[in-house]
Amino acid sequence: MPEQTAPDASKLARNPYCKQCPTRFVLDRIADKWTVLILGILTEQPMRFNALLRRIEGLSQKVLSQTLKRLERDGLITRTVLASTPISVEYAMTPLGQTLAETLNTLTDWAEQHIEAVLQAQQRYDGQ
């Protein structure tokens with residue numbers, strides 16, 4: 001499946017509630033749980049592919065590869081081929097990615113701080 005391309009941003013008004021707004025492409029990317037988790041880890045230090053795969057439970061090799069390619073395409077991470085045997089690849093945060101990661105870390109912190117309230121709300125709802 002070819003990569004989805006955002007419409008020409010210079011020709012569209014910025015309104016994320018409009019279907020054709022280019023902002024939606026960015027929101028789609030950052031709303032993905034794997035993006036949030038990968039960027040959260042890469043804020044700590046650059047990592048190799050297999051280290052990321054081991055660190056994020058439930059993430060498949062295919063989805064990790066696809067997500068990393070999208071993040072690199074969007075300018076949020078860099079991919080560096082290391083001269084080793086066998087050849088390996090390391091992923092690191094770009095300055096643009098770092099600005100996004102700071103915001104995503106706030107979201108992750110919120111989720112950790114409020115998980116009990118969310119679980120209680122779900123139990124109340126399910127008990128109706």
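Just the heavy atoms: all of them, side chains too, but no hydrogens, waters or symmetry mates, feed the values below.
Summarising the geometry, atom CG belonging to N50 is positioned 9.0 Å from atom OG belonging to S88; distances are rounded to the nearest 0.5 Å. The structure places CG of L42 at 11.0 Å from CG of L37, a figure rounded to the nearest 0.5 Å. Rounded to the nearest 0.5 angstrom, L68 CG and R73 CZ are separated by 15.0 Å. One finds the CE atom of M47 at 11.0 Å from the CG atom of L53 (value rounded to the nearest 0.5 Å). Distance check, rounded to the nearest 0.5 Å: OG1 of T108 to CD of Q113 gives 11.0 Å.
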Test log, rule side chain to side chain contact (heavy atoms under 4.5 Å, CB included), inputs R70 and D32: CA-CA 11 Å; R70 290 180 186 131; D32 177 67; over 6 Å; no
Between L104 and T43, is a side chain to side chain contact (heavy atoms under 4.5 Å, CB included) present by the stated rule, with each step listed? CA-CA 11 Å; L104 294 178; T43 59; over 6 Å; no
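When all heavy atoms are compared, the tightest approach of Q98 to M93 is N-CG, 3.4 Å. Residues R79 and V81 come closest through the heavy atom pair NH1-CG2, 3.8 Å. Heavy atoms only, all atoms of each residue included: T23 and P16 are closest at CG2-CB, 4.2 Å. The two residues I77 and Y91 make their nearest non-hydrogen contact at CD1-CD2, 3.8 Å.
Using a 4.5 Å cut-off on side-chain heavy atoms (C-beta onward), L39 and L100 make contact. Using a 4.5 Å cut-off on side-chain heavy atoms (C-beta onward), I56 and I38 make contact. Between L52 and F49, the closest side-chain pair of non-hydrogen atoms is not below 4.5 Å. Here the side chains of L82 and R48 are in contact, with some heavy-atom distance below 4.5 Å.
W110 and L27 sit in two unconnected hydrophobic clusters of ILVMFWY residues. Membership requires side-chain heavy atoms under 4.5 Å apart, directly or through other members.
Atom CD1 of I115 sits in a crowded spot, with more than 12 heavy atoms from other residues, nucleotides or ligands closer than 6.0 Å. Atom CD of Q61 sits in a sparse spot, with 12 or fewer heavy atoms from other residues, nucleotides or ligands closer than 6.0 Å. A 6.0 Å sphere centred on CZ of R24 holds more than 12 heavy atoms belonging to other residues, nucleotides or ligands.
Looking only at distances, no side-chain donor or acceptor of D74 sits under 3.5 Å from a matching main-chain atom of L76. With hydrogens and angles ignored, the 3.5 Å screen pairs no side-chain donor or acceptor of T35 with any backbone N or O of I30. Formation of a donor-acceptor pair under 3.5 Å by the T99 side chain with backbone atoms of L96 is found in this model. A side-chain donor-acceptor contact under 3.5 Å links T67 to the backbone of V63.
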